[in-house]
Amino acid sequence: QVQLVESGGGLVQPGGSLRLSCAASGSIFSINVMGWYRQAPGKQRELVAAITSGGSTNYADSVKGRFTISRDNTKNTVYLQMNSLKAEDTAVYYCNAGVILAVPNVGYVEVWGQGTLVSVSS
């Protein structure tokens with residue numbers, strides 16, 4: 001019904017920057033919260049940043065001041081600008097969205113992307 005496609009991951013040196021994108025498509029009436037989570041090897045998945053349809057944001061303490069989340073509601077797309085990257089930011093980053101389905105479907109679904117790997121290493 002709804003798919004999320006992420007892009008923008010890769011290998012970057014400490015102190016570098018990357019920009020992740022996540023585009024939603026399918027039977028979408030509207031999208032409530034969109035967010036980015038990450039999971040490092042041997043660790044639980046954690047919230048990195050989230051943004052509501054009205055633009056309110058929330059960040060993990062570990063990324064405040066370095067990462068910026070934004071979204072384009074006309075394109076059903078969310079972005080994560082990551083600056084001053086550190087080795088501890090290395091993880092698979094997942095996009096997440098809370099979607100209100102369009103007619104003829106009815107309901108609310110939480111959708112996950114397939115994940116994109118971000119590696120920070122010299």
Side-chain angles (χ1 to χ4, degrees):
Q1 291 174 322
V2 178
Q3 300 81 38
L4 299 179
V5 178
E6 299 137 336
S7 61
L11 175 63
V12 64
Q13 292 185 341
S17 298
L18 282 175
R19 189 191 194 210
L20 305 183
S21 299
C22 171
S25 62
S27 182
I28 300 170
F29 175 75
S30 66
I31 302 177
N32 186 10
V33 179
M34 300 187 81
W36 290 95
Y37 290 71
R38 67 186 180 187
Q39 187 166 19
K43 295 188 177 181
Q44 290 188 331
R45 189 174 297 189
E46 63 176 359
L47 174 68
V48 176
I51 184 168
T52 68
S53 57
S56 296
T57 59
N58 181 41
Y59 294 93
D61 288 342
S62 59
V63 306
K64 283 181 181 177
R66 301 188 297 122
F67 291 11
T68 302
I69 190 170
S70 61
R71 65 189 281 177
D72 184 337
N73 292 329
T74 66
K75 297 180 179 179
N76 290 329
T77 299
V78 64
Y79 307 96
L80 185 68
Q81 178 66 43
M82 304 184 293
N83 299 328
S84 302
L85 282 160
K86 305 175 181 180
E88 50 263 44
D89 295 317
T90 295
V92 177
Y93 284 69
Y94 297 91
C95 179
N96 174 271
V99 178
I100 298 174
L101 298 173
V103 174
N105 301 295
V106 176
Y108 180 88
V109 294
E110 184 178 10
V111 188
W112 290 91
Q114 79 285 359
T116 185
L117 178 62
V118 172
S119 294
V120 184
S121 175
S122 55

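Residue numbers start at 1 and run along the sequence shown.
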[X] and [Y]: which non-hydrogen atoms are nearest, and at how many Å?
{"X": "Pro14", "Y": "Ser121", "result": "CD-C, 3.6 Å"}
{"X": "Ser21", "Y": "Tyr79", "result": "OG-CD2, 3.3 Å"}
{"X": "Gly9", "Y": "Leu20", "result": "N-CD2, 3.6 Å"}
{"X": "Val78", "Y": "Cys95", "result": "CG1-SG, 3.7 Å"}
{"X": "Cys22", "Y": "Met34", "result": "O-CE, 4.4 Å"}
{"X": "Ser70", "Y": "Ile51", "result": "CA-CD1, 3.9 Å"}

How long is the gap from [atom1] on [X] to [atom2] on [Y], to the nearest 0.5 Å?
{"X": "Asn76", "Y": "Ile28", "atom1": "CG", "atom2": "CD1", "answer": "4.5 Å"}
{"X": "Thr52", "Y": "Asn32", "atom1": "OG1", "atom2": "CG", "answer": "7.5 Å"}
{"X": "Tyr108", "Y": "Ile100", "atom1": "OH", "atom2": "CD1", "answer": "7.0 Å"}
{"X": "Lys86", "Y": "Ser84", "atom1": "NZ", "atom2": "OG", "answer": "8.0 Å"}

Quiz item: Is there a side-chain contact between Leu80 and Phe67 (heavy atoms, below 4.5 Å)?
Solution: yes
Quiz item: Got Val2 and Ile31 here, is their nearest side-chain heavy-atom distance under 4.5 Å?
Solution: no
Quiz item: What about Trp112 and Val48, same hydrophobic cluster or not, with Ile/Leu/Val/Met/Phe/Trp/Tyr joined at side-chain heavy-atom distances under 4.5 Å?
Solution: no
Quiz item: Given the rule that I, L, V, M, F, W and Y join up when any side-chain heavy atoms are under 4.5 Å apart, are Val12 and Met82 in one cluster?
Solution: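 Yes; tracing contacts between hydrophobic side chains, which count when under 4.5 Å, links both residues.
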Does [X] reach the main-chain N or O of [Y] with its side chain, forming a donor-acceptor pair under 3.5 Å?
{"X": "Tyr59", "Y": "Ile69", "value": "yes"}
{"X": "Ser27", "Y": "Ala102", "value": "yes"}
{"X": "Glu6", "Y": "Gln114", "value": "yes"}
{"X": "Asn73", "Y": "Ser53", "value": "yes"}

Exercise. Please collect all side-chain hydrogen bond (donor to acceptor under 3.5 Å, both in side chains) contacts where either partner lies in residues 34-43, sequence neighbours excluded, each pair once.
Key: Arg38-Glu46, Arg38-Ser62, Arg38-Asp89, Arg38-Tyr93
Quiz item: Tell me, which pairs form a salt bridge (Lys or Arg N to Asp or Glu O under 4.0 Å) where one or both residues lie in residues 48-63, sequence neighbours left out?
Solution: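 Checked against salt bridge (Lys or Arg N to Asp or Glu O under 4.0 Å) - neighbours excluded - the pairs reaching residues 48-63 are Asp61-Lys64.
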Quiz item: Only one of Asn83, Leu85, Val120 clears side chain to side chain contact (heavy atoms under 4.5 Å, CB included) with Leu18; which?
Solution: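 The single option meeting the side chain to side chain contact (heavy atoms under 4.5 Å, CB included) with Leu18 is Leu85.
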